[in-house]
Amino acid sequence: MSSTDRYFHASDARLRYRDEGAGAAIVWLHGWTLDLEVWEPQCTEFRASMRVVRPDRRGFGLSTGSPDPAADPDDLLALFDHLQIARAALVGMSQGARAALAFALAHPQRVASLVLDGPPNPADGAEAAEEISFGEYRTLIEAGGIGAFRDAWRAHPLMRLYSADDAARALVDRMLGRYRGLDLLQPAPPAPPFDLHALRRLRLPVLVINGQLDTVERRSAADQLCRDIQGARRALVPGAGHLANLDQPRAYNDIVRAFIQRPSSVAA
C-alpha cells in the first residue's frame, strides 16, 4: 500500500486514512488537535515490516464530521471492517488512547496487543479540568478566533516539544493549522468514565507508556491504568514529554516494537 490519502464513510463522517506496508497490521490513533501525520516517524520505520494504518479521527485533520469521543470506537470498527483487518496491534495517543481502550474493551478479539500512550485518567469522562481548560479555550476561540487558540495551546505543557528537531516542530505546526476547533465550538457530550470491573477483566497484552517528562497528571493516570489492568506493562521514554513519539522517535519505536513482538503472557 502507498502513503496516499484514502477515505471511507463511517455513519455521517468521511474519514481520511493511510494504509501502508504489508504484513501484520498495526493501527495508530492520534490525540487531541492532531491528526494522522503525528505518526510519521513511526510509520516510516514500521511500514518496512508491517501493515501500518492510521486514520484521522472524525472532525480532525482532513476527516469530516463533528469530533465525538463516544463515536471513535465505532469509527475504528468501521475502519477495521472496511480494510478487512481481522486483528491488529493498536496504539492510541492521549485522547486517542481513550478511544483505543474503549475499542479493546468492546472488541477484544480484534486487538492483538494494546499500547496506551499518555492516556488520561480512566476514572474521568474527559481530560481533567485542571489539565486542559476546555471552557477557557472555548471562550478564547469565540473571542479571538482559531489563531488565538492555537497560540495558547502551543504553550501548554502537553504540547511542549523537548526535541530540538525543526522537522518535528514544523509537523506540529502543520497539524495545528488543520485543527478547526469544532469540538470547542460545538462540544459533544463527554465520553463516560471506564468501568473499573471491565478494565480488570481485560485479557490482552497492554503497554502503558509516557515520556519521562510528561505531566505529573498523565504519568499518574498511566500508573493507575497499570494497577487497574491485570498484567499491564509500563514504560517511560527517556528525555521525552507528552509527545514522546516526536521527542524521541527511535527510543519510542524500539519500545513499541519490542512490546508488540513479545509473546503474550496474558491468560485467556
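From a predicted model like this one, the values you see are computed outputs, not experimental measurements.
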* To do: Inspect the contact between R98 and D72 and indicate whether a charged nitrogen and a carboxylate oxygen are less than 4.0 angstrom apart.
  => no
* **Under 3.5 Å: donor-acceptor pair, side chain of Q248, backbone of V237** => no
* **H242 versus D214, side-chain donor and acceptor atoms under 3.5 Å** => yes
* Structure fact -> Minimal heavy-atom distance between L29 and W39, with the atoms involved, is O-CZ2, 3.2 Å
* Do side-chain atoms of H156 reach the backbone of L158 as a donor and acceptor pair under 3.5 angstrom? -> yes
* Asked: Do R257 and F46 meet the cation-pi criteria used here (NZ or CZ under 6.0 Å from the six-membered ring centre, within 45° of the axis)?
  -> yes
* **Salt bridge present between R6 and D19 (N-O < 4.0 angstrom)** => no
* Is the Lys NZ or Arg CZ of R110 less than 6.0 Å from the centre of F80's six-membered ring, within 45° of the axis? -> no
* To do: Give a yes or no answer on whether the side chain of R57 reaches the backbone of H30 with a donor-acceptor pair at less than 3.5 Å.
  => yes
* **Residue pair L213 / G239: nearest heavy atoms and the distance that separates them** => CD1-C, 4.1 Å
* Structure fact -> Only residue of E37, Q42, E40 satisfying side-chain hydrogen bond (donor to acceptor under 3.5 Å, both in side chains) with R54 is E40
* Asked: When R58 is tested against each of D35, D183, D75 for salt bridge (charged side-chain N to carboxylate O under 4.0 Å, His left out), which residue passes?
  -> D75
* What are the two closest heavy atoms between L101 and L199, and how far apart are they? -> CD2-CD2, 3.7 Å
* Asked: How far apart are the closest heavy atoms of N210 and A222, and which atoms are they?
  -> OD1-CB, 3.0 Å
* Return yes when atom CD of Q109 has more than 12 non-hydrogen atoms of other residues, nucleotides or ligands closer than 6.0 Å, and no otherwise. => yes
* Are S94 and R218 linked by a side-chain donor-acceptor pair shorter than 3.5 Å? -> yes
* Any side-chain donor-acceptor pair under 3.5 Å between R203 and Q230? -> yes
* **Side-chain (D247) to main-chain (S163) donor-acceptor, under 3.5 angstrom** => yes
* Structure fact -> Residues F103 and P73: closest non-hydrogen pair is CD1-O, 3.6 Å
* Nearest heavy-atom pair of I146 and G181: which atoms, and what distance? -> CD1-N, 3.9 Å
* Is the distance between the ring centroids of Y17 and W28 less than 6.0 Å? -> no
* Asked: Do F60 and F134 belong to the same hydrophobic cluster, where Ile, Leu, Val, Met, Phe, Trp and Tyr are linked whenever their side-chain heavy atoms lie under 4.5 Å apart, directly or via other members?
  -> yes
* Asked: Is there a donor-acceptor pair under 3.5 Å between the side chain of R16 and the backbone N or O of T64?
  -> no
* **No-hydrogen, no-angle side-chain donor-acceptor test under 3.5 Å, Q224 and R227** => yes
